[in-house]
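First up is the structure itself, then whatever we jot down about it.
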Amino acid sequence: MEETDIHKITYTIQQFRDHLEVEGYSPRVVADYPYNLKFFLRFLAVIDLPALADVTADTLQQYQIWLYGCKKKDGQPLSLETQRARLLCVK
């Protein structure tokens, strides 16, 4: 992903966070959604997707499979709730 895409995404995530705050979402949602979006960006870097515009339904399915295989620092798999939360914020 190009540097300009990364800057655009970072800016967009901040705008999204501000929007959640203005709309009155809970402090947890305001903090968690942007945090979880960063995992999606990490995945896009892993698969070396050239641009955010290249995300497809297949990309999202690959992300879901990738999350299923992710481990926490202690080696345990991510809970289904964590996987769901990370997918939900991409929606």
How far apart are the C-alpha atoms of Gln83 and Leu80, what are their side-chain angles, what is the distance that settles it, and do they pass the side-chain contact (heavy atoms from CB on, under 4.5 Å) test? CA-CA 5 Å; Gln83 292 176 47; Leu80 293 177; 3.9 Å; yes
Smallest separation among heavy atoms of Tyr63 and Arg86, with atom names: OH-CB, 3.7 Å
For Thr59 and Leu44, run side-chain contact (heavy atoms from CB on, under 4.5 Å): C-alpha distance rounded to whole Å, both residues' side-chain angles, the deciding distance at 0.1 Å, then the answer. CA-CA 9 Å; Thr59 308; Leu44 296 179; 4.0 Å; yes
Taking the side chain as every heavy atom from C-beta outward, state whether Leu41 and Ile13 have any atom pair closer than 4.5 Å. yes
Transitive ILVMFWY side-chain link Leu67 to Val55, under 4.5 Å: yes
Are there more than 12 heavy atoms of other residues, nucleotides or ligands under 6.0 Å from atom CD of Gln64? no
Give the ring-plane orientation class for Phe43 versus Trp66, where under 30° counts as parallel, over 60° as perpendicular and anything between as tilted. tilted
Tell me, with the steps shown, if Leu60 and Leu87 meet side-chain contact (heavy atoms from CB on, under 4.5 Å). CA-CA 8 Å; Leu60 298 177; Leu87 287 166; over 6 Å; no
Would Gln15 and Tyr11 count as having a side-chain donor-acceptor pair, cut-off 3.5 Å? yes
How long is the gap from CZ on Phe40 to SG on Cys89, to the nearest 0.5 Å? 9.0 Å
Might you work through the side-chain contact (heavy atoms from CB on, under 4.5 Å) test for Lys71 and Leu78, ending with a clear yes or no? CA-CA 6 Å; Lys71 305 280 187 221; Leu78 296 178; over 6 Å; no
Could you pull out the closest heavy-atom pair between Ala31 and Pro34, with the gap in Å? O-CD, 3.6 Å
Parallel, tilted or perpendicular for Phe39 and Tyr35, by the 30°/60° rule? perpendicular
Distance-only donor-acceptor hits, side chain of residues 21-30, under 3.5 Å, sequence neighbours excluded:
from  : atom 1 : to    : atom 2 : distance (Å)
Ser26 : OG     : Val29 : N      : 3.2
Arg28 : NE     : Asp32 : OD2    : 3.0

